[in-house]
Every structure is written in C-alpha cells, then in structure tokens.
Amino acid sequence: NCVIDDSYVEAMHVNAEDPFHGILSGLGFTVYPIGISGSSLSQYAAFAKWAISNFKCKRLLFVIVINDFDESLISYKKNPGYHYLDDNNNGELKLIPYQVSGFKSFLRKFALVNYLYDNLKITGRVNRFINPKRFDSRNADGQGDKLMLSKSAIDYFFHELKTVNLSSNQMAMVLDGDRHSIYDGYENRKGYDKSAYNYFVARSKENGFSIIDMQPVFKNTYSKKQKKFNYSFDYPWNEYGHSVVAEEIVRSNLLFRAVD
C-alpha cells in the first residue's frame with residue numbers, strides 16, 4: 001500500500017507513529033507514505049508512477065485537499081523541483097528543474113536557517129501571514145476562473161492515472177473535509193470547496209475510483225466531541241485528525257494487510 005499526498009502525509013507536526021499511515025502500520029498494514037509539502041495532483045501523479053515502479057504497490061491511496069486542484073497547473077504555479085500539468089499543452093506532466101541559487105547556498109551555511117526551514121516550515125507560515133487569502137478557499141465563491149482551472153486540473157489528473165500500471169479499483173481517494181465550515185456549524189462544504197469537490201467526486205466515480213469522504217465523518221465526530229482536527233496555527237491534521245482518518249480507512253477495507 002502506498003499513500004500519497006503533500007504535508008498531510010509528510011506530517012511534520014506529529015510524531016512518526018501518529019500520522020494516519022503510522023497508525024495503519026501499527027495495525028498490521030504495510031504502508032509506504034510518499035509526500036512532500038507543496039505537492040498537488042500533478043505531483044501525486046508523478047509520485048504514483050514512481051511508487052509503482054519502485055515499491056510494486058498493490059494499492060494507491062491519495063489524500064485530496066482543497067488546494068490540490070488549481071495549484072496543479074503550470075499556468076498557476078511552477079515551483080522548482082515539482083511536477084505540474086501543462087494546461088497549454090494538453091495537460092502534459094512536466095518537471096520544473098530545481099537549481100539552488102547563490103543566496104540559498106549562502107543561507108544553508110547557517111544552522112538556524114536550516115532549523116527554521118526543515119523543522120518549522122517557516123516559509124509556508126510567512127506566506128500564509130503575508131497573503132492569508134491565498135491559502136483560504138472560503139474566499140472563493142465557487143465560480144469563475146479558479147473553478148475552471150480546477151476542473152481542468154482534475155481532468156488532466158485522471159488522464160494521467162490511466163497511464164499507471166494499476167487498475168482504478170486498486171486506487172482510492174480520501175477527501176479532506178471542509179473543516180472551516182464544520183467548525184462554523186455548517187453540515188456541507190461551501191462555495192468553491194463544494195463545487196470543486198463535487199466535480200472531483202463525479203470524475204472519480206466516472207473513472208471507477210473508490211472514495212472516502214471525510215466531510216460527513218468529521219462533521220459527525222465534531223458534533224459529538226467538539227474537538228478540532230487541526231492545530232490553531234496550521235490547517236493539516238493534528239494527531240486527533242489523523243486518528244479519525246486512520247479509523248475510517250480501516251473501516252473502508254481498501255488496504256491490503258501485511259499478511260496478504
């Protein structure tokens with residue numbers, strides 16, 4: 001089993017045994033977590049091809065979060081070292097080469113800079129502070145260019161998955177919940193979140209992929225315990241959120257246990 005995502009799989013804020021994949025390993029599943037902060041659907045497709053080639057995965061489990069869609073397109077974002085879908089070239093998957101600048105080479109000589117970057121993910125926090133709307137999908141109304149770009153990215157993503165050496169019934173999607181709306185007392189996703197996820201779900205079903213939607217799970221759990229699934233300082237899941245996700249994955253019976 002290979003699980004693929006960005007910071008939700010990288011899980012820098014929790015101990016090694018506490019992410020959902022660590023919990024699954026403790027329950028007897030063989031799980032290879034593959035994730036780098038800042039990844040999106042395009043990078044997930046590249047990860048999937050690499051994972052199947054190197055780990056002979058029988059199952060792929062993708063964790064899908066709201067910023068995965070439009071950020072997959074090269075016209076929207078092109079950070080060096082990541083793969084993107086070229087929306088000017090029929091969604092071709094392209095790697096943006098990474099080259100270390102002279103300034104970064106200089107900064108890497110300082111232990112404090114390395115600590116802030118590697119352990120505290122300071123660049124992401126600074127970006128969120130400078131431009132919080134960039135990281136909060138609630139500011140979108142579900143219409144317009146952002147949704148159009150997201151739909152294109154989703155279509156390209158499923159086209160890429162057709163090229164991997166697994167059938168659709170060997171791959172599944174775990175959809176994050178709109179926790180902002182849940183904490184605010186709403187039952188369903190809102191705005192852009194609702195429109196983008198609905199389109200992703202429809203395309204998943206058309207292509208035969210299983211879906212674990214955490215929206216109703218998080219909603220029901222929060223209504224009972226009033227305990228948040230993420231830290232106040234960042235949006236990826238905390239230990240509690242990971243445990244709820246792990247429990248739902250086990251309930252789905254989508255993964256192979258080690259004895260298989």
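Each residue takes its place number in the sequence, starting with 1. Values below: all heavy atoms of this structure, side chains included; hydrogens, waters and symmetry mates excluded.
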Do you know the tightest heavy-atom contact between [X] and [Y]?
X	Y	result
Ile211	Ser204	CD1-CB, 3.6 Å
Ser39	Asp68	O-OD1, 3.7 Å
Leu41	Ala153	CD1-O, 4.2 Å
Gly177	Met214	N-CB, 4.0 Å

Counting only N and O atoms by type, is there a donor-acceptor contact under 3.5 Å from the side chain of [X] to the main-chain atoms of [Y]?
X	Y	answer
Ser152	Met148	yes
Ser168	Phe209	no
Glu92	Asp86	no
Asn1	Thr30	yes
Gln215	Asp178	yes
Asn238	Gly241	yes
His242	Phe20	yes
Gln170	Ser167	yes

Can you tell me how far [atom2] of [Y] sits from [atom1] of [X], rounded to the nearest 0.5 angstrom?
X	Y	atom1	atom2	answer
Ser72	Tyr82	OG	OH	12.5 Å
Phe47	Asp6	CZ	CG	9.0 Å
Phe29	Leu24	CZ	CG	6.0 Å
Lys56	Asn165	NZ	CG	9.0 Å
Asp70	Ser40	CG	OG	9.0 Å
Glu160	Leu93	CD	CG	4.5 Å

Polar contact flag, side-chain donor to acceptor under 3.5 angstrom, [X]-[Y]:
X	Y	answer
Asp5	Tyr44	yes
Tyr235	Ser7	no
Asp145	Tyr76	no
Asp87	Ser75	yes
Tyr98	Asn79	no

[X] side chain near [Y] side chain, heavy-atom distance below 4.5 Å:
X	Y	answer
Val245	Tyr240	no
Val244	Phe218	yes
Ile249	Leu61	yes
Arg189	Ile66	no
Ile34	Val9	no
Val201	Leu175	yes
Val3	Arg59	no
Ile64	Val174	no

Would the [X] and [Y] ring centres measure less than 6.0 Å apart?
X	Y	value
Phe55	Trp50	yes
Tyr197	Phe69	yes
Phe200	Phe158	yes

I'd like to know whether [atom1] of [X] has more than 12 heavy-atom contacts from other residues, nucleotides or ligands below 6.0 angstrom.
X	atom1	answer
Lys49	NZ	yes
Asn89	CG	yes
Glu187	CD	no
Asn198	CG	yes

Could you tell me whether [X] and [Y] make a salt bridge, using a distance below 4.0 angstrom between a side-chain N and a carboxylate O?
X	Y	value
Asp155	Arg203	yes
Glu71	Lys77	yes
Arg179	Asp184	no

query = Is there a path of hydrophobic side-chain contacts, each under 4.5 Å between heavy atoms of I, L, V, M, F, W or Y residues, that connects Leu95 with Tyr156?
reply =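 Cluster IDs for Leu95 and Tyr156 differ.
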ask   = Should the pair Lys94 and Tyr84 be classed as cation-pi, given the thresholds of under 6.0 Å to the six-membered ring centre and 45° from the axis?
value =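 No cation-pi geometry.
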inquiry  = Given the ring of Tyr192, does Lys194 sit roughly above its face, with NZ or CZ under 6.0 Å from the centre of the six-membered ring and within 45° of the axis?
reply    =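 The answer is no; the distance or angle limit is not met.
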inquiry  = Set out, in order, the CA-CA distance, both residues' side-chain angles and the distance that settles side-chain contact (heavy atoms from CB on, under 4.5 Å) for Phe62 and Met171, then state yes or no.
reply    = CA-CA 8 Å; Phe62 299 91; Met171 295 182 273; 4.1 Å; yes
query = Do the rings of Phe229 and Tyr183 sit parallel, tilted or perpendicular, given the 30° and 60° boundaries?
reply =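 Answer is parallel, since the angle falls under 30°.
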task = Take the angle between the ring planes of His13 and Tyr231 and call it parallel below 30°, perpendicular above 60°, tilted in between.
result =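 Answer is perpendicular, since the angle exceeds 60°.
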